[in-house]
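Have a look at the structure below before the remarks.
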Amino acid sequence: MVTSHDPRPDLAPQADLSREEMESLQREIAEAAIFEDSLEVDLEALSSPLEAAAAGAETPIVAGVDQSFLLDSEPERALSAVVAMRGGEVIERVHAVTSLEIPYVPGLLAFREGGPILAALEELSVDPDCYLFDGSGRIHFRQAGIATHVGVVLDAPSVGVAKSLLCGTPRGDLENRQPGVRVPIEANERVDALEGTVLGYAVQTRQYDSPNRSINPLYVSPGHRVSAETAADVAFDLATSYKLPEPIRLADAYADEAKRERGRT
DNA sequence: GCGACAG
DNA sequence: ATCTTGTCGC
């Protein structure tokens, strides 16, 4: 069912909370999160803009978000980069440099990078229909990874794309799978969810021709307002030329580019 | 105490 | 994530 747009800035990740407060806020985020497709956004159109246009639909805007770090400065700083795309074309790039308050702790990534990310997103002039983050969404101890946290705060469809698995159990073999293959990631005892709940998918976007070596899959999970299936579809469909979905790959490159530009000035 | 652990 | 050259393979 479609509910009204309801941003929750009150649930934004604050780095000055105690660990217990952070964890309870994450449980609150998980309850507010919607792990199924909602809103009238046609996410199918993200991958096939031409067909969508022919059908009279508006071409959706997808934003990829990623960070680079300036660990030598005191305090450490994060450079959050955002690349917005529409129909396969980059329509806007923005970034923001922010001081980091706390160190990286597995499970609490949103409290380290969420602030910087929200600061960068405020610089955006366009309004994305979906956000792709580097990190987990529902594949998280409390079902509240950074993609879910930021998605709920903005109340916008979001997807988490991680390069390694934080928790959960793959339901099948992950070695040498063909492009397009997806293996369910189920909740295990380490996750606050019914055992066996499908948290997301290991999505194979690329693979070598010879079975000698194997390319690792991407661990894709719902952030907010998208189902695990749609999240996997979106990540795979946007990975048109490389292993990573194009918006994230470009945000990753832009984050490094902007960092070097900054040091050279 | 031991193991596990996104970026 | 970041520090970093070369190098193996298509």
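Chain letters run A, B, ... following the sequence lines, proteins first and then strands; every chain starts at 1.
- Contact between the side-chain N/O atoms of A/Lys259 and the OP1/OP2 oxygens of C/dT2 is found at a separation under 4.0 Å.
- Residue contacts for A/Ser164: at a heavy-atom cut-off of 4.0 Å it reaches the sugar-phosphate backbone alone, with no base atom in range.
- At the heavy-atom level, A/Ser68 lies under 4.0 Å from the strands shown only through sugar-phosphate atoms.
- When heavy atoms are screened at a 4.0 angstrom cut-off, A/Gly160 is found touching no nucleic acid atom at all.
- Ring stacking is absent between A/Tyr104 and C/dA1, as the pair misses the limits of under 5.5 Å between centres and under 30 degrees between planes.
- In this structure, CZ of A/Phe111 is placed 18 Å from P of B/dG7, rounded to the nearest angstrom.
- Separating the CZ atom of A/Arg112 from the P atom of B/dA6 is a distance of 13 Å, rounded to the nearest angstrom.
- Side chain to side chain, A/Gln26 and A/Arg142 meet the donor-acceptor criterion of an N or O pair below 3.5 Å.
- With distances taken from any side-chain atom of A/Lys163 to the nucleotides C/dA1, C/dT2, B/dC5, the minimum falls on C/dA1.
- Within the 4.0 angstrom heavy-atom criterion, only backbone atoms of the sugar-phosphate kind lie near A/Phe69; the bases stay farther away.
- Side-chain contact, A/Ser68 with A/Asp256: no donor N or O sits under 3.5 Å from an acceptor N or O.
- Atom P of nucleotide B/dC5 and atom CG of A/Asn188 are separated by 11 Å, given to the nearest angstrom.
- Rounding to whole angstrom units, NE2 of residue A/His140 and C1' of B/dA4 are separated by 14 Å.
- To the nearest angstrom, P of B/dC5 lies 15 Å from CG of A/Leu199.
- Per the geometry, CG belonging to A/Leu109 stands 10 Å off C1' belonging to C/dA1, to the nearest Å.
- When distances run from any side-chain atom of A/Arg190 to the nucleotides C/dG9, B/dC5, C/dT2, the shortest one goes to B/dC5.
- Using a 4.0 Å heavy-atom distance criterion, A/Ile139 is classed as making no nucleic acid contact.
- Within 6.0 Å of CD in A/Glu31 there are 12 or fewer heavy atoms belonging to other residues, nucleotides or ligands.
- Side-chain atoms of A/Leu71 lie closest to C/dA1 of the nucleotides B/dA6, B/dG7, C/dA1.
- Put simply, CZ on A/Arg213 is 11 Å from C1' on C/dT7, counting in whole angstrom units.
- Mapping A/Asp134 and A/Asp209 onto DNA chain C by nearest heavy atom places A/Asp134 closer to the 5' end of the strand.
- Looking at heavy-atom distances under 4.0 Å, A/Leu108 makes contact with a base.
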Steps toward side chain to side chain donor-acceptor pair (under 3.5 Å) verdict (A/Ser38, A/Arg225): CA-CA 5 Å; A/Ser38 64; A/Arg225 291 188 179 285; 2.9 Å; yes
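- For the pair A/Leu165 CG and B/dG3 P, the computed distance is 20 Å after rounding to whole Å.
- Judged by distance alone, the side chains of A/Tyr104 and A/Glu113 never bring a donor and an acceptor atom under 3.5 Å apart.
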